Q: 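Dropping the structure in here first, questions after.
Counting starts at 1 for both ligands and their atoms, following the listed order. From a predicted model like this one, the values you see are computed outputs, not experimental measurements.
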Amino acid sequence: MNISKNIIVGAGLTGTTLAYKIATELDEKVLVIDKRPHIAGNCYDEFDSEGLYLKKYGPHIFHTNDKKVWDFLSQFTNWHPFFLKTEAFIDGNLVNIPFNFDSIEKCFPKTLATRLEEKLLEKYEYNSRISISQLLEQDDKDLKFLANYIYENVFKNYTEKQWGIKAEKVDKSVLTRVPILISRDKRYFQDRYQAIPQYGYTAMIEKMLDHPNIELILNTKFDKKTHKAERLIFTGCIDEFFDYKYGKLPYRSLAFKFQKFDKEFCKDTSIVNYPNEYDFTRITEFKHFLDLKSEKTIIATEYPQHYEPGKNEPYYPIANKENHDLLAKYQTEAKNIDGLIIAGRLGEYKYYNIDAAVARALELFDKEVLNEFFKEKNNFGYSCR
Ligand code: UDP
């Protein structure tokens with residue numbers, strides 16, 4: 001039987017980061033397989049026949065404070081500096097998200113807005129970031145009013161559409177991703193490094209895979225019987241790896257409606273959220289990301305939906321106790337299989353941003369792959385034991 005040295009399942013950022021590290025630092029052969037016809041996982045992007053930038057799986061904006069990740073990825077791409085500005089359609093106004101002092105002034109009459117800003121500044125430092133749950137805990141009558149307004153108009157309905165459950169049931173860490181800004185900062189993220197790869201994520205990842213030790217096979221579903229390796233790195237859904245033997249882990253998915261228009265722009269900003277109206281959550285206009293000039297434009301309207309294996313793609317793990325208990329069963333089983341690493345947003349069932357996924361892949365390389373390598377264990381394949 002043919003046993004590869006390394007097989008990596010999934011050519012997304014986690015898989016390709018690990019492939020690059022193994023190929024270059026260990027000088028070992030790596031076979032990367034992906035069931036889709038393209039690399040880059042959900043970060044995949046392309047330019048259509050008229051040169052318009054398009055992301056089939058929705059927007060991804062790279063942002064990080066982690067210089068190690070920034071430097072690592074900078075080996076494979078130049079960057080187009082990009083600071084995401086997002087607006088939400090609230091009560092007929094386009095309001096900055098994260099909700100900030102400008103948003104307050106858009107939503108409320110001047111005297112009320114001034115009073116709310118003064119009260120916020122009594123409680124919090126200028127330029128700080130607070131979470132909606134922090135604001136909801138305030139006793140002051142005005143701040144309570146503001147907190148309820150933001151919760152009801154920005155978070156509640158968007159969250160219920162996005163996750164398909166009551167907003168109170170969604171893990172607090174999810175809503176904390178989008179802060180309230182005690183300032184006029186208009187940026188969605190406050191990280192030091194924010195950018196889009198100049199020629200797209202796919203081109204960046206293609207460069208990571210461009211190494212004589214790396215072989216890439218697309219359109220190929222992982223099959224335990226045929227894909228044997230001394231080291232197997234699996235970046236798909238962990239429950240799928242174990243054939244759902246303890247039950248299905250729920251993931252959230254998305255559907256997109258793409259439209260092309262014969263006009264230069266549809267929107268002033270790349271992303272507009274629709275928390276309250278309609279059954280979609282947001283509209284993305286891709287050309288803003290790379291500042292591309294064209295007489296035409298493409299937008300994507302985003303509809304959250306359940307993930308159904310084989311029918312759509314998994315995007316988000318759903319954090320709650322029941323799911324984490326089920327995850328723990330799969331993780332215990334994975335730990336007992338020599339040479340197996342299950343990694344990435346789907347494999348680890350963690351809501352990683354791009355930078356966190358790369359940081360984690362670099363950490364796994366140091367902690368799991370290098371350690372194992374130096375132990376020089378006599379390993380004959382993860383499933384042969
Ligand atoms: N969210 C919201 N209203 C918004 C934007 C975000 O309620 O206008 C909530 C929603 O629950 C969402 C979460 O904040 O799932 C995280 O938002 P983020 O923009 O980080 O989501 P992603 O881009 O990862 O889909």
Q: Are E285 and K267 ion-paired here, with the side-chain N under 4.0 Å from a carboxylate O?
A: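 K267 and E285: not salt-bridged.
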Q: Would you compute the distance between atom NZ of K172 and atom CD1 of I132 and round it to the nearest 0.5 angstrom?
A: 11.5 Å
Q: Relative to the ring of F258, is the ring of F286 parallel (under 30°), tilted (30 to 60°) or perpendicular (over 60°)?
A: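 Taking F258 first and then F286, their aromatic rings lie parallel (interplane angle under 30°).
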Q: Provide, line by line, the atom pairs where ligand 1 and the protein bring an N/O atom each to a distance under 3.5 Å; else say none.
A:
residue	atom	partner	partner atom	Å
ligand 1	3 (N)	V154	O	2.9
ligand 1	7 (O)	V154	O	3.4
ligand 1	7 (O)	F155	O	3.1
ligand 1	7 (O)	T159	OG1	3.0
ligand 1	8 (O)	N273	ND2	2.9
ligand 1	11 (O)	T159	OG1	2.8
ligand 1	11 (O)	W163	NE1	3.4
ligand 1	15 (O)	W163	NE1	2.9
ligand 1	19 (O)	Y188	OH	2.5
ligand 1	20 (O)	R177	NE	2.8
ligand 1	20 (O)	R177	NH2	3.2
ligand 1	21 (O)	Y351	OH	3.2
ligand 1	23 (O)	R282	NH1	3.0
ligand 1	23 (O)	R282	NH2	3.3
ligand 1	24 (O)	R177	NH2	3.2
ligand 1	24 (O)	Y351	OH	2.6
ligand 1	25 (O)	R282	NH2	3.2
ligand 1	25 (O)	Y316	OH	2.4

Q: Just by distance, with hydrogens left out, do S74 and D71 show a side-chain donor and acceptor under 3.5 Å apart?
A: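 D71 and S74 do not have a side-chain donor-acceptor pair below 3.5 Å.
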Q: Output all residues satisfying side chain to side chain contact (heavy atoms under 4.5 Å, CB included) with C43, sequence neighbours left out; order by chain, then residue number.
A: L13, H60, Y201, I354
Q: Do the rings of F145 and Y149 sit parallel, tilted or perpendicular, given the 30° and 60° boundaries?
A: tilted
